[in-house]
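A short worksheet on the structure shown next.
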Amino acid sequence: MKKLNRRVAIVGAAMSKFGINYPRLRSIDMWQEAWINAVKLTDKGISPKVIDEFFLGNFTADLFNHQGHMAPQMADLVGLTPKPASRFEGACASSGIAFRQGVMSIASGVNDVVCIGGVEQMNELNTEGVTGALAAAADTTYEYFAGATFPGLYAAIANAHFNKYGTTPKDLWNIAIKAYENGHENPFAQEQHTLKEIMENKKNKAIKRGKPVPEWKDEYDFLGSRSNPMIAYPLRLFDCSLITDGAACVFLASEEDAYKYTDNPIWVSGIGQGSASLSLHDRNGGLLTGLNATREAARQAYEMSGLGPKDIQIAEVHDCFTIAELAALEDLGFYEPGKAATAINNGETKRDGIRPINTSGGLKTKGHPVGATGVGQIVEVFKQMRGIAERNRQVKKDIKIGMSHNVGGSGATVVVNIFTKEKI
Amino acid sequence: MSEENLVTVDKYFNFLSEKKLMGSKCPKCGNIDLPARRLCSKCISDECEWFELSGKGVLKTFSSIYVGAKAMTQKGYNRKKPYVFAVCQMDEGCSVSGQLIGVEEDKPKEIPFDMPIQVVYLKTRTGEDKEGNPIYRWDVGFEPQK
Ligand SMILES: [Zn+2]
């Protein structure tokens with residue numbers, strides 16, 4: 001993997017509030033909110049006049065909102081027309097791909113400053129409709145009629161992981177509990193209650209309705225109860241991420257231009273993207289306990305940056321399901337296959353752990369507006385590296401090296417980025 | 001390769017409707033693909049030919065699905081009556097997805113990995129033609145070997 005021809009930096013990044021925003025807020029509104037917030041977080045300000053090109057990630061407004069051709073629509077709202085505006089699609093990795101294309105466009109010398117957006121408005125459809133639209137990210141020809149669902153595919157990965165390494169539901173619940181702790185500290189997250197608060201609310205509701213009040217010893221007891229129904233064995237409701245509306249925005253500049261917008265650029269020091277067959281069954285050689293495409297994307301990003309897994313101090317990884325976070329920690333090389341669960345149980349991935357993972361709350365509680373997710377992850381790494389993460393979630397130590405990891409579908413597309421404070 | 005023998009998706013499904021499990025075999029490297037492919041997945045040779053598989057294999061991974069795909073809920077599966085989505089490896093080396101039947105879907109912990117399976121052919125009604133006759137598609141399914 002060759003280095004970029006010239007260096008590229010993030011000069012500003014922000015997101016809209018993620019949540020069930022529809023119908024109060026639609027893509028048009030959320031995108032403008034993300035843009036305004038990103039301009040605010042660009043220290044010396046930035047104007048659409050200096051932006052050479054717009055790259056948008058969106059999975060399927062076509063199915064969610066009957067809206068195609070979205071890039072110029074979003075570009076127009078923030079004054080970017082008549083500049084080039086294109087939409088990128090790679091399921092839940094759509095804006096991760098858009099980001100990588102934007103980076104390469106500056107590295108190539110074609111552009112000096114670009115804007116990357118991500119947007120998705122999912123809650124216009126009911127759960128069945130959303131499930132149907134998301135199923136388009138799997139293989140319609142051969143997997144869908146076999147009964148595959150998005151949770152079902154990850155459940156099959158989880159089951160294989162359980163079988164091979166002895167992983168347990170409790171190992172996965174530790175990931176969920178951490179996600180709620182972090183989401184609690186993120187004012188932009190969809191779910192800001194801790195799991196304990198959610199349990200209290202359920203009890204209070206039962207009292208109000210005059211129903212028997214459930215008793216749970218602790219979070220694990222709750223997560224193993226009927227209040228956490230099975231979706232696809234071994235994954236239950238609280239193993240799944242959320243259905244979210246949201247948008248996110250990042251500004252990138254070349255090394256010559258970056259200091260016009262900030263004195264503290266965050267450098268994009270490694271980028272990688274991997275692919276795999278759409279269907280799980282075609283991943284020949286049969287890696288069913290993780291994602292080959294993550295391994296490939298990480299290999300490229302490590303090689304480009306000259307860094308390794310041990311150097312990464314913080315990461316936002318793609319936790320569309322709890323098992324996806326566990327597998328990512330192994331596929332990214334942070335832990336040997338089968339060893340991540342113990343490290344998680346020891347608290348290594350918490351905010352005060354040796355390598356905090358998903359301080360934003362991740363897709364699990366911050367939310368998963370699929371096409372906006374990849375850029376949303378970059379927003380969190382940017383904030384943590386700048387030391388401006390809100391509430392109590394700013395990691396105490398100075399973060400010099402961070403990573404984002406964005407997956408499309410059940411792992412057919414993966415993007416990995418490595419960010420550094422120093423220009424290495 | 002004649003048009004008649006060309007490996008296409010439509011022919012693959014037509015074979016399934018005749019209860020024939022047809023993959024493709026590469027004359028260059030001997031690799032067998034299922035579902036059948038025009039280009040060999042190992043060496044990308046374009047000379048693949050239809051090849052009938054034994055229909056026997058083992059269970060590699062699976063999930064009992066309680067909140068199902070629409071295609072399955074229409075068949076009557078629901079939270080109380082889950083179905084099993086499975087990935088099986090055929091004795092010939094290739095793998096394919098399908099519904100696993102003939103097991104206790106609601107007791108996934110008791111379904112053993114690497115269990116020997118055989119292919120069954122499952123019919124789904126997908127709509128009707130102009131005259132109102134039902135249209136079906138046929139898919140690969142699995143059951144435990146007897
Ligand atoms: Zn071959």
Side-chain angles (χ1 to χ4, degrees), chain A residues 126-136 138-164 168-169 226 228-237 239-240 277-290 321 323 410, chain B residues 9-10 12-13 16 31 33-37 41-42 59-73 75 77 79-80 82-90 93-101 105-109 111-114 122-124 126 136-142:
Chain A
N126 62 17
T127 304
E128 194 189 48
V130 170
T131 308
L134 289 176
D139 187 322
T140 305
T141 315
Y142 301 121
E143 275 184 331
Y144 178 71
F145 284 90
T149 60
F150 200 25
L153 291 164
Y154 275 95
I157 292 172
N159 208 6
H161 204 282
F162 282 25
N163 180 57
K164 185 159 183 191
T168 67
R226 288 170 55 184
N228 184 17
M230 197 65 80
I231 302 295
Y233 172 86
L235 301 181
R236 294 171 183 250
L237 181 63
D239 288 299
C240 307
S277 68
L278 210 48
S279 48
L280 208 55
H281 64 241
D282 267 333
R283 299 193 187 153
N284 285 331
L287 177 68
L288 292 170
T289 53
F321 299 93
I323 181 63
S410 65
Chain B
V9 176
D10 188 50
Y12 171 75
F13 282 113
L16 290 183
N31 175 56
D33 280 309
L34 180 74
R37 291 179 179 229
S41 71
K42 284 267 151 50
L59 175 63
K60 293 315 282 185
T61 193
F62 67 95
S63 171
S64 287
I65 298 188
Y66 291 75
V67 180
K70 202 169 177 185
M72 303 305 277
T73 57
K75 290 184 181 179
Y77 293 103
R79 274 185 196 277
K80 292 213 171 89
Y83 63 87
V84 176
F85 164 78
V87 175
C88 290
Q89 185 170 33
M90 300 292 107
C94 43
S95 296
V96 70
S97 311
Q99 184 188 356
L100 173 63
I101 60 171
E105 287 93 346
D106 206 16
K107 294 180 181 165
K109 279 182 197 156
I111 300 173
F113 276 74
D114 295 316
L122 302 174
K123 194 159 103 169
T124 307
T126 55
Y136 296 103
R137 66 171 270 155
W138 290 80
D139 286 280
V140 167
F142 314 108

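For clarity, every value in this text was computed on a predicted model and none was experimentally measured. All chains are named by letter (A, B, ...) in the order of the sequence lines, taking the proteins before the strands, and each is independently numbered beginning at 1.
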What pair of heavy atoms forms the shortest contact from A/Gly152 to B/Phe85, and how long is it?
-> O-CD2, 4.4 Å
Bottom line for B/Phe62: the part with an atom under 4.5 Å from chain A's heavy atoms is both
Is it the backbone or the side chain of B/Tyr77 that comes under 4.5 Å from a heavy atom of chain A, or both, or neither?
-> neither
Atom of A/Tyr233, atom of B/Lys109 and distance for their closest heavy-atom approach | OH-CG, 3.2 Å
Can you check whether B/Ala71's main-chain N or O pairs, donor with acceptor, with A/Tyr144's side chain at less than 3.5 Å?
-> yes
In terms of heavy-atom proximity below 4.5 Å to chain A, should B/Thr124 be classed as side chain, backbone, both, or neither?
-> side chain
Got a second to check how far B/Thr61's OG1 is from A/Lys164's NZ, nearest 0.5 Å?
-> 12.0 Å
Using the test side-chain hydrogen bond (donor to acceptor under 3.5 Å, both in side chains), find all partners of B/Thr126 that sit at least two apart in sequence or belong to another chain.
-> none
Heavy-atom proximity to chain A below 4.5 Å, by part of B/Leu34 = backbone
Heavy-atom closest contact (B/Tyr83 atom, A/Thr149 atom, distance) = OH-CG2, 3.9 Å
For A/Ala148 and B/Ala69, which heavy atoms make the closest approach, and how far apart are they?
-> O-CB, 3.9 Å
Cut-off 4.5 Å, heavy atoms of chain A, and the answer for B/Val87 is side chain
To the nearest 0.5 Å, tell me how far B/Arg37 CZ sits from A/Asp282 CG.
-> 4.5 Å
How are the rings of A/Tyr142 and B/Tyr12 set to each other: parallel, tilted or perpendicular (split at 30° and 60°)?
-> perpendicular
Option that, when pairs with chain B are counted at under 4.5 Å, heavy atom only, ranks first among A/Asp139, A/Ile231, A/Ile157 | A/Ile231
Report the distance from atom CG of A/Leu153 to atom OG of B/Ser97, rounding to the nearest 0.5 Å.
-> 7.5 Å
Contacting region of A/Thr141 [heavy-atom separation from chain B under 4.5 Å] = both
For the candidates B/Met72, B/Lys70, B/Gln89, which exhibits the highest count of non-hydrogen atom pairs separated by less than 4.5 Å from chain A?
-> B/Lys70
Name the option with the most non-hydrogen atom pairs under 4.5 Å to chain B; the candidates are A/Ala158, A/Gly147, A/Ala135, A/Ala155.
-> A/Gly147
Honestly, the part of A/Ala160 sitting under 4.5 Å from a heavy atom of chain B is both
To the nearest 0.5 angstrom, please state how far the SG atom of B/Cys94 sits from the NE2 atom of A/His281.
-> 9.5 Å
Applying side-chain hydrogen bond (donor to acceptor under 3.5 Å, both in side chains), name anything that partners B/Arg79, two or more places apart in sequence or on another chain.
-> none
